[in-house]
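A quick write-up on the structure given underneath.
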Amino acid sequence: MRIRIVDAFSDRPFAGNPAGVLLLDAFPEDDWLRNVAMEVNHAETAFAHPLPEGGEADWALRWFTPVTEVTMCGHATLATAHVLHGTGAHEGPVRFDTLSGVLVATPGADGSITLDFPTAPLTRVEAPEGVAEALGAEPLTAFDTGPNIGDLLLELADEKTVLGLTPDLKALGAHSSRGIIATARAEDPARGYDFVSRCFFPNVGIDEDPVTGSAHTALAPYWSERLGRTKLTGLQASRRSGRVRTEVRGDRTLLSGRAVTVIEGELIA
């Protein structure tokens with residue numbers, strides 16, 4: 001079967017967030033899915049198969065990190081939609097049946113793909129004791145992001161502080177089920193983004209995720225309320241980096257970006 005590595009939330013190779021993508025006839029045993037994801041060894045590997053016509057979804061979709069299955073993944077969904085459209089396996093909007101419900105990916109005339117995801121419910125909480133020491137910076141505010149994401153969202157003092165983080169990842173893992181989203185307002189919006197973030201997910205085997213679509217379902221409503229606009233652009237400032245265009249529509253958040261296939265090969269195992 002064909003296996004592809006796709007850089008999502010990027011318009012060029014070797015940037016954004018890489019995801020493995022496999023299109024299947026049906027889902028094999030979970031152990032096989034986990035082993036393939038471990039072999040691919042990217043933040044997520046997506047597995048999809050077509051569903052019968054006439055239902056509420058077109059394809060079934062699951063996502064695995066090298067160590068576990070996850071409930072929601074934005075960049076691997078974008079990567080899967082990119083492969084479906086690029087290979088002719090599906091035309092137009094594609095509806096995915098996932099652990100987070102039906103998620104829709106719609107291709108745009110400009111080559112981008114827009115994901116329709118549930119908006120994360122944000123609940124303000126006290127910053128846990130020890131999180132500032134583990135992160136290496138004092139948070140201004142802390143929010144729980146709900147069960148689909150399972151992160152702790154922390155606003156820091158400024159963009160420079162976010163960019164300079166060198167957290168203690170082992171200690172950081174004690175403070176949320178998946179990890180930590182660190183964010184700040186953009187220092188200069190003229191650079192083309194409104195807020196900056198970095199995401200650390202040691203509990204699912206990802207020290208720092210390059211570009212996290214699911215995190216932006218929490219970042220978008222947070223910054224939309226702070227900045228008074230529903231349409232924003234976020235920069236995830238990892239080493240690979242990437243930008244996510246967001247639009248909050250009540251209980252749904254739209255995430256838009258491009259993707260590039262960088263590797264295509266044959267899986268023989």
Side-chain angles (χ1 to χ4, degrees), residues 1-9 16-108 111-118 147-149 178 204-206 209 211-214 217 252 254-269:
M1 66 191 70
R2 305 305 291 173
I3 183 169
R4 297 166 176 87
I5 305 298
V6 177
D7 289 344
F9 292 114
N17 201 350
V21 178
L22 286 93
L23 305 182
L24 308 167
D25 295 326
F27 289 136
E29 295 294 326
D30 283 7
D31 283 347
W32 185 87
L33 300 175
R34 293 189 189 97
N35 284 334
V36 171
M38 182 173 60
E39 189 77 9
V40 171
N41 200 33
H42 283 313
E44 268 87 11
T45 297
F47 303 90
H49 71 75
L51 294 171
E53 293 184 6
E56 65 175 8
D58 307 302
W59 289 74
L61 177 63
R62 296 173 71 182
W63 314 278
F64 286 79
T65 77
V67 299
T68 190
E69 184 172 11
V70 295
T71 303
M72 179 188 291
C73 180
H75 85 278
T77 304
L78 180 64
T80 305
H82 170 78
V83 169
L84 290 173
H85 295 135
T87 60
H90 192 92
E91 296 183 359
V94 54
R95 301 167 300 168
F96 292 110
D97 180 32
T98 78
L99 290 177
S100 295
V102 175
L103 307 177
V104 181
T106 302
S112 66
I113 295 172
T114 297
L115 308 177
D116 183 338
F117 272 38
N148 280 343
I149 302 178
R178 183 174 75 164
V204 293
I206 305 167
D209 199 33
V211 191
T212 314
S214 60
T217 66
R252 307 298 295 184
L254 305 185
L255 312 172
S256 299
R258 295 173 179 263
V260 181
T261 300
V262 294
I263 296 174
E264 182 175 349
E266 183 178 1
L267 180 65
I268 59 175

side-chain contact (heavy atoms from CB on, under 4.5 Å) filter on Ala19, not counting sequence neighbours, yields His75, Ala76, Ala79
Indicate whether any N or O donor in one side chain lies under 3.5 Å from an N or O acceptor in the other, for Trp63 and Thr77.
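Yes, because at least one side-chain N or O of Trp63 sits under 3.5 Å from a partner of the opposite role on Thr77.
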Donor-acceptor pair between Arg4 and Thr87 side chains, under 3.5 angstrom: no
_Closer than 3.5 angstrom, by distance alone: can the side chain of His85 be matched with the main-chain N or O of Gly92 as a donor-acceptor pair?_
yes
Are the side chain of Thr65 and the backbone N or O of Val67 linked by a donor-acceptor pair below 3.5 Å?
-> yes
Rounded to the nearest 0.5 Å, what separation is found between the [atom1] atom of [X] and the [atom2] atom of [Y]?
| X | Y | atom1 | atom2 | result |
| --- | --- | --- | --- | --- |
| Asp7 | Ile263 | CG | CD1 | 8.5 Å |
| Glu266 | Ile3 | CD | CD1 | 11.0 Å |
| Thr114 | Leu254 | OG1 | CG | 6.5 Å |

Practice item. Please work out whether the ring planes of His49 and Phe27 are parallel, tilted or perpendicular, with thresholds of 30° and 60°. Key: perpendicular
Next on the checklist: Are more than 12 heavy atoms, taken from residues, nucleotides or ligands other than Glu39, located less than 6.0 Å from that residue's CD atom?
Outcome noted: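 Result for CD/Glu39: open.
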Quick note, salt bridge (charged side-chain N to carboxylate O under 4.0 Å, His left out) partners involving residues 46-63, not counting sequence neighbours, are Asp30-Arg62, Asp58-Arg95, Arg62-Glu69
Residues passing the ring pair (Phe, Tyr, Trp, His ring centres under 6.0 Å) test with Phe96, sequence neighbours excluded, are none
